[in-house]
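Below is one structure, written out as structure tokens; the observations come after it.
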2 protein chains.
Amino acid sequence: MDQRRSPSASERKRDPERTRALLLEAAAAEFGAKGYAATRTTDIAARAGVNKQLISYYFGGKEGLYKELATSWHGTAAEMASPEQPLDTVLAGFVHTTLTDHGRLWAWSNLADDSPPTDEAFLRAQVEQMRERQNAGELPADLDPGFLLLALMAAASAPLTLRHTARQITGEDPATPEFATKYAEQLALLVRHLSGRT
Amino acid sequence: MDQRRSPSASERKRDPERTRALLLEAAAAEFGAKGYAATRTTDIAARAGVNKQLISYYFGGKEGLYKELATSWHGTAAEMASPEQPLDTVLAGFVHTTLTDHGRLWAWSNLADDSPPTDEAFLRAQVEQMRERQNAGELPADLDPGFLLLALMAAASAPLTLRHTARQITGEDPATPEFATKYAEQLALLVRHLSGRT
DNA sequence: CCGAGTTTCAACCGCTTGGTTGATTAAGTC
DNA sequence: GACTTAATCAACCAAGCGGTTGAAACTCGG
């Protein structure tokens, strides 16, 4: 399986792990760009630079590849769940994941009926964090923490979920780091108003 | 559906307008539920209760049907653009369009690369309205009105764009009128905090 | 350097897709 | 009531889909 040995490894001709990684990366890009249904396995293989049969060989087909991605996403989400950082930093991090292939994949899977990448633990932790921020006076206490989290997450992912609308409103391409940074700053200002401090 | 005609209309055998309407309605439901790529013309025809060839006959195919829907949506959006209503009312209206087939269609088209339903005039008017609300002290003036509008629209459509996430956070089905009402109330509270009034 | 096992690929397959065809039925006209 | 036009349908089709096959290319222990 994994003979990740030192010598002659740099330009190995056959390298299954590298092939797997290439396929996962390519699949994230394709699925993220067009959604599951519109994605062609041929395109994934072409982007990865390998034969399309390898999708079946390594992942058991298109769906297996998709599910592997959906689960691997959990890790990405969790590492962003900074425990006690200021809220605007957390939001900024969230805004920036908007630009990644995994972020786009997450948006697609939220709309579709298919298996949602259930990372309930992560979400529960985030709700709890909201409640703490409310207790600390950082956020208004009369709001339901769950709904508040939902609204903030949705607002943060606007460049992704409302991509065309965002472009029409601002005249800029929302899929750029510059846009994300600027938008995150505005969100920081917004939550500052929420906390009562002008 | 609506047989609003006087003579012998109740059970007409051939009725092209009715057929067109049935197809449009069915297409909105199917496209809204699964997105363009995953929708099968056979399913649309079956839901409408007509032969699938009529899609080509009346709309020139699947894509023509989709585009017809995308343009007809503009009207729906515009009528919601209430000129001088309180902001929370506007937001509540927006939250509730989340439940409609057209709303779901809008969400899908925002993610996809395909022709965005450009209703620029509507959006420009909304931005201008934001600016007025800022001048009136209803909203903080140090925020960019475009970004503010974007954030509020994204937050309002959270039950739609972050459907699974919303369900996991709240434990309820976000696609119900009850949820929309409750969520709209929370948003109203939120914007009240934004305006500075506790 | 050989043989066993792994990794890769070109070619192919059955199925589903969106769309078309040609015929059938109803409505309007004189 | 024959003729024309519009509306509807069942059957069919080429193209594209995801997936499989069987063998070639490679790696590595002996």
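Quick note on labels: first sequence line is chain A, next is B, and so on, each numbered from 1.
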- Taking only heavy atoms on the protein side, list every residue of residues 24-43 of chain A lying under 4.0 Å from any atom of DNA chain D, sorted numerically. T39(A), R40(A), T41(A)
- Query: Should E120(A) and R124(A) count as an ion pair when the cut-off is N to O under 4.0 Å?
  - Reply: yes
- Item | Distance, rounded to the nearest Å, where E17(B) contributes CD and dA26(C) contributes P | 20 Å
- Polar side-chain atom of D173(B) near backbone of T176(B) as donor-acceptor pair, under 3.5 Å: no
- What is the distance, rounded to the nearest whole Å, between atom CG of L23(A) and atom C1' of dT8(C)? 12 Å
- Message: Contact list please: residues 50-60 of chain B against DNA chain D, heavy atoms, distance less than 4.0 Å, in numerical order.
- Response: V50(B), N51(B), Q53(B), L54(B), Y57(B), Y58(B)
- Message: I need the full list of side-chain hydrogen bond (donor to acceptor under 3.5 Å, both in side chains) pairs touching residues 45-56 of chain B, with sequence neighbours left out, sorted by first then second residue.
- Response: E30(B)-R47(B)
- Okay, side chain of D144(B), backbone of Q186(A): is any donor-acceptor separation there less than 3.5 Å? no
- Please confirm whether K62(A) makes a cation-pi placement over F31(A), using NZ or CZ under 6.0 Å from the six-membered ring centre and within 45° of the ring normal. no
- Measure from the side-chain N and O atoms of T170(A) to the backbone N and O of A166(A), and report whether any donor-acceptor pair falls under 3.5 Å. yes
- Does E63(A) CD have over 12 foreign heavy atoms under 6.0 Å away? no
- Item | ring pair (Phe, Tyr, Trp, His ring centres under 6.0 Å) evaluation trace for W106(B) with F94(B) | CA-CA 12 Å; W106(B) 175 74; F94(B) 203 88; 5.8 Å; yes
